[in-house]
Colleague: 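One structure, as structure tokens, below. Some questions next.
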Amino acid sequence: MEKYEMKIYKDVLFFKYYEMAETVGEAEQQAEEVKRVLSQPGVTKFLNDNSAIQNSKPEVNEVWGELMSWIGSNVEKTGTIATNEAWKNQLNRLSKSAGAYDSLRAFSSLEESLEFMGIPDFKL
């Protein structure tokens, strides 16, 4: 089974992690692939589904954090499906305090995130 899945639907890149990268090198390869796709004309939104992730290594999280910083500067709207309610609430508090809540938000469900991204008809 693949560790992740990526699909483009309309102007949204959907990225779903099934299993987090195990090494920095693997995480960097995945991050470069996400950047490559998000740099394509017409792809302006990023929907990140981390709902299946339970554990990740700090060094892998650092690569993902750098990617999210890049995404924040290069993508008009980002949604994250969080692993749990506490993480969702934390991400949304950070987004609100940064004044980015209209363009950066976390959710508990795929349905909520699809509505936010403007693609309620998207099917996996």
Side-chain angles (χ1 to χ4, degrees):
M1 179 170 117
E2 294 291 322
K3 289 191 174 191
Y4 66 92
E5 170 183 9
M6 284 197 312
K7 291 182 180 182
I8 295 174
Y9 182 72
K10 297 185 179 179
D11 60 347
V12 179
L13 171 61
F14 173 76
F15 182 93
K16 179 174 178 76
Y17 251 133
Y18 295 108
E19 182 181 331
M20 198 74 159
E22 293 180 29
T23 66
V24 169
E26 183 182 15
E28 289 172 342
Q29 287 177 332
Q30 293 169 358
E32 285 304 314
E33 181 63 10
V34 168
K35 285 181 185 178
R36 184 190 67 73
V37 174
L38 285 172
S39 296
Q40 294 178 12
V43 181
T44 61
K45 300 174 187 169
F46 181 61
L47 178 55
N48 175 31
D49 185 348
N50 280 338
S51 60
I53 298 303
Q54 298 301 317
N55 298 313
S56 60
K57 297 178 180 176
E59 59 272 17
V60 169
N61 286 343
E62 187 174 319
V63 172
W64 192 255
E66 291 168 7
L67 172 63
M68 293 309 291
S69 178
W70 181 91
I71 287 170
S73 299
N74 292 281
V75 175
E76 83 180 37
K77 200 174 219 184
T78 302
T80 296
I81 304 169
T83 304
N84 59 51
E85 197 70 19
W87 187 40
K88 177 194 94 165
N89 292 337
Q90 180 181 1
L91 290 173
N92 284 333
R93 274 192 302 278
L94 291 169
S95 178
K96 285 177 185 174
S97 68
Y101 192 68
D102 290 340
S103 62
L104 177 62
R105 205 170 298 169
F107 302 92
S108 299
S109 72
L110 178 62
E111 294 74 28
E112 291 173 307
S113 64
L114 294 177
E115 191 69 37
F116 173 71
M117 301 304 281
I119 54 167
D121 55 337
F122 175 72
K123 304 286 184 234
L124 290 178

Colleague: State whether the number of non-hydrogen atoms from other residues, nucleotides or ligands found under 6.0 Å of E62 atom CD is greater than 12.
Modeller: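 Not buried by this count: 12 neighbours or fewer within 6.0 Å.
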Colleague: Indicate yes or no for a side-chain donor-acceptor contact from T83 to the backbone of I53 under 3.5 Å, with no hydrogens or angles considered.
Modeller: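 A pair under 3.5 Å: yes.
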Colleague: Verify, without hydrogens or angle tests, whether S95 (side chain) and L104 (backbone) share a donor-acceptor contact under 3.5 angstrom.
Modeller: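 Answer holds: yes.
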Colleague: Could you tell me if the side chain of I71 sits less than 4.5 Å from the side chain of V34, heavy atoms only?
Modeller: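 Of all side-chain heavy-atom pairs linking I71 with V34, at least one is under 4.5 Å.
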Colleague: Considering non-hydrogen atoms only, spot the tightest contact between N92 and A106 and give its length.
Modeller: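 Smallest heavy-atom distance, with atoms named: OD1-N, 2.7 Å.
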Colleague: Should L114 and F14 count as side-chain neighbours, where that means a heavy-atom distance under 4.5 Å?
Modeller: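 Answer no - side chains too far apart.
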Colleague: Give the intermediate values and the outcome of side chain to side chain contact (heavy atoms under 4.5 Å, CB included) for residues T78 and M68.
Modeller: CA-CA 9 Å; T78 302; M68 293 309 291; 3.9 Å; yes
Colleague: Between E2 and Y18, is any side-chain donor less than 3.5 angstrom from a side-chain acceptor?
Modeller: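 No - no donor-acceptor pair under 3.5 Å links their side chains.
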Colleague: Would you say M6 and Y9 are hydrophobically clustered, going by side-chain heavy atoms of ILVMFWY under 4.5 Å?
Modeller: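 Different clusters: M6 never reaches Y9 through Ile, Leu, Val, Met, Phe, Trp or Tyr contacts under 4.5 Å.
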Colleague: With a 4.5 Å cut-off on side-chain heavy-atom distances among I, L, V, M, F, W and Y, is there a chain of contacts connecting I81 to Y101?
Modeller: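 As far as the 4.5 Å side-chain criterion goes, Y101 and I81 are not connected within one cluster.
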Colleague: Return the minimal non-hydrogen interatomic distance between S108 and E85, and the atom names on each side.
Modeller: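 It is OG-OE1, 2.8 Å.
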Colleague: Could you tell me whether E22 and K3 make a salt bridge, using a distance below 4.0 angstrom between a side-chain N and a carboxylate O?
Modeller: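 Salt bridge between E22 and K3, a charged N being under 4.0 Å from a carboxylate O: yes.
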Colleague: Against T80, only a single residue in F107, F46, W87 fulfils side chain to side chain contact (heavy atoms under 4.5 Å, CB included); can you say which?
Modeller: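 The side chain to side chain contact (heavy atoms under 4.5 Å, CB included) with T80 is passed solely by W87 among F107, F46, W87.
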Colleague: Do the ring centers of W64 and Y4 come within less than 6.0 Å of each other?
Modeller: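 Between W64 and Y4, the centre distance exceeds or equals 6.0 Å.
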Colleague: Taking atom CG of L13 and atom NZ of K35, what is their separation to the nearest 0.5 Å?
Modeller: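 So the CG of L13 and the NZ of K35 are separated by 14.0 Å.
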Colleague: Rounded to the nearest 0.5 Å, what separates atom CG in L38 from atom CG in L67?
Modeller: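 Separation between the atoms: 7.5 Å.
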Colleague: Between Q40 and I8, is there a side-chain heavy-atom distance shorter than 4.5 Å?
Modeller: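 Touching, per the 4.5 Å side-chain cut-off.
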Colleague: Decide yes or no for M117 and F122: does some side-chain heavy atom of the first lie under 4.5 Å from some side-chain heavy atom of the second?
Modeller: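 When only atoms from C-beta onward are counted, F122 and M117 do not touch, as no gap falls below 4.5 Å.
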Colleague: Looking at P120 and G118, what are the two nearest heavy atoms and their distance?
Modeller: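 Heavy-atom minimum between the residues: CD-C, 3.4 Å.
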Colleague: Linking I/L/V/M/F/W/Y whenever any side-chain heavy atoms sit under 4.5 Å apart, do W70 and L47 land together?
Modeller: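 No, it is not one cluster - the side chains of W70 and L47 are not joined through contacts under 4.5 Å.
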Colleague: Does the side chain of F15 reach to within under 4.5 Å of the side chain of V37, using non-hydrogen atoms?
Modeller: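 Counting from C-beta outward, F15 and V37 never come under 4.5 Å.
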Colleague: Taking K77 for the side chain and F116 for the main chain, is one N or O donor matched with an acceptor at less than 3.5 Å?
Modeller: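 Answer holds: yes.
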Colleague: What's the shortest heavy-atom distance between V60 and A21, and which atoms?
Modeller: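 That closest heavy-atom pairing would be CG2-O, 3.5 Å.
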Colleague: Let me confirm one number: the OG-CG distance from S39 to N74, rounded to the nearest 0.5 Å.
Modeller: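 Separation between the atoms: 6.5 Å.
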Colleague: Search all heavy atoms of D49 against all heavy atoms of S51 and return the closest pair with its distance.
Modeller: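 Nearest heavy atoms, D49 then S51: OD1-OG, 2.6 Å.
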Colleague: Q30 and side chain to side chain contact (heavy atoms under 4.5 Å, CB included): which single residue from E32, E28, E26 fits?
Modeller: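 Running side chain to side chain contact (heavy atoms under 4.5 Å, CB included) over E32, E28, E26 with Q30 returns exactly one hit, E26.
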